[in-house]
Amino acid sequence: MAPTVRISAVAYYKLYFHAAKHPHQPVNGVLLGTQDKAGGPIEVQDAVPLLHHWTSLSPMMEIGLDLAGQFAQENGLKIVAYYQAQRNVGDVGLGPVGEKLLGRLREQFKDVVGFVIDGEDFGTDKAALNPWTYSGDQWKAVPPSDKPFSQGSVYQLASPDLPTKALHYVREEGHHQAFGDFDDHLEDVTIGE
């Protein structure tokens with residue numbers, strides 16, 4: 001059975017703003033958190049947005065993952081999950097790059113989870129995250145019948161109104177425009193300072 005995963009407001013807003021800032025590009029990043037014991041609950045506390053240009057396995061991806069790992073370790077956290085959004089709205093598959101990255105992350109954290117942002121649910125009151133777990137020597141999407149992010153699911157947001165609040169912060173306050181990922185930092189080193 002998959003461990004319980006609870007995503008904090010900070011982590012959810014960061015991944016949401018990342019996808020909102022680059023709606024026509026694939027994006028990816030990692031989620032940082034804690035787990036007291038193997039198989040125990042995972043508390044996702046933060047997100048590190050990585051890329052929106054070089055989302056394939058590239059030197060930029062390697063450097064970004066190394067820096068995220070160092071940041072996590074310095075703050076007493078682990079990389080506990082990976083997230084991505086695809087270019088195509090209806091595509092909720094991990095694809096080869098997502099599977100390879102999760103495989104690499106799984107070497108360091110056995111219970112790592114993948115989340116694919118669902119472009120069709122993005123901008124609604126739904127979490128818009130499709131979880132992927134490792135089972136039977138392969139990555140598998142958690143079936144919709146398991147109703148991730150609904151009451152009683154092992155996948156939870158810190159508060160059920162986070163998607164509505166995130167949408168407000170994007171539409172009404174434009175918070176996503178001030179948001180930067182590792183790609184942005186490579187283009188302008190003042191971003192992320």
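As the structure is a prediction and not an experimental result, all values here were calculated from the model.
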Taking all heavy atoms of Pro143 and all of Pro148, pick out the closest pair and write down the distance. O-CD, 4.1 Å

Heavy-atom side-chain contact between Asp46 and Lys14 under 4.5 Å: yes

At what distance, to the nearest 0.5 angstrom, does OG1 of Thr164 lie from NZ of Lys126? 12.0 Å

Taking Asp66 first and then Arg104, would you say they form a salt bridge - that is, a charged N and a carboxylate O separated by under 4.0 Å? yes

Heavy atoms of Leu157 and Pro163 approach each other most closely as CD1-CD, 3.6 Å

Of all the heavy-atom pairs spanning Gly40 and Pro3, show the shortest one and how long it is. O-CB, 3.2 Å

Would you indicate whether the side-chain heavy atoms of Phe149 and Leu129 approach each other to under 4.5 Å? yes

Taking every non-hydrogen atom, the tightest pair across Leu162 and Ile7: CD1-O, 4.3 Å

Would you say Phe109 and Ile79 make side-chain contact, with heavy atoms under 4.5 Å? no

Measuring from atom NZ of Lys165 to atom CG of Leu167, what distance do you get when rounded to the nearest 0.5 angstrom? 13.5 Å

CG-CD distance between Leu102 and Gln84, expressed to the nearest 0.5 angstrom: 8.0 Å

Give, for atom CD1 of Ile42 and atom CG of Leu31, the distance between the pair rounded to the nearest 0.5 Å. 10.5 Å

Nearest heavy-atom contact between Ala47 and Ala11 is CB-O, 3.7 Å

Measure from the side-chain N and O atoms of Tyr12 to the backbone N and O of Ala127, and report whether any donor-acceptor pair falls under 3.5 Å. yes

Would you list the pairs meeting ring pair (Phe, Tyr, Trp, His ring centres under 6.0 Å) in which at least one residue belongs to residues 116-147, sequence neighbours left out? Tyr16-Phe122, Tyr134-Trp139

Please tell me whether Phe71 and Leu50 are part of a single hydrophobic cluster in this structure, the criterion being side-chain heavy atoms less than 4.5 Å apart. yes

Say whether, by atom type as modelled, one donor and one acceptor occur between the side chain of Ser8 and the main chain of Gln45 under 3.5 angstrom. yes

Using 30° and 60° as the class boundaries, would you call the ring planes of Phe115 and Tyr155 parallel, tilted or perpendicular? perpendicular

A side-chain contact here means heavy atoms from C-beta on lying under 4.5 Å apart; do Gln35 and Val80 qualify? no

Minimal heavy-atom distance between Asp111 and Ala38, with the atoms involved, is OD2-C, 3.8 Å

Given the rule that I, L, V, M, F, W and Y join up when any side-chain heavy atoms are under 4.5 Å apart, are Val89 and Val27 in one cluster? no

For residues Leu101 and Met61, determine if any side-chain heavy atom of one lies less than 4.5 Å from a side-chain heavy atom of the other. yes

Distance in Å, Lys78 NZ paired with Gln108 CD, rounded so as to fall on 0.5 Å steps: 10.5 Å

For the backbone of Glu120 and the side chain of Asp118, can you confirm whether one donor and one acceptor N or O come within less than 3.5 Å of each other? yes

Look up atom CZ in Arg106 and atom OG1 in Thr133, then write down how far apart they are to the nearest 0.5 Å. 10.0 Å

Side-chain donor/acceptor of Asn88 to backbone N/O of Gly90, under 3.5 Å: no

Just wondering, do Leu105 and Val30 contact through their side chains at under 4.5 Å, heavy atoms? yes

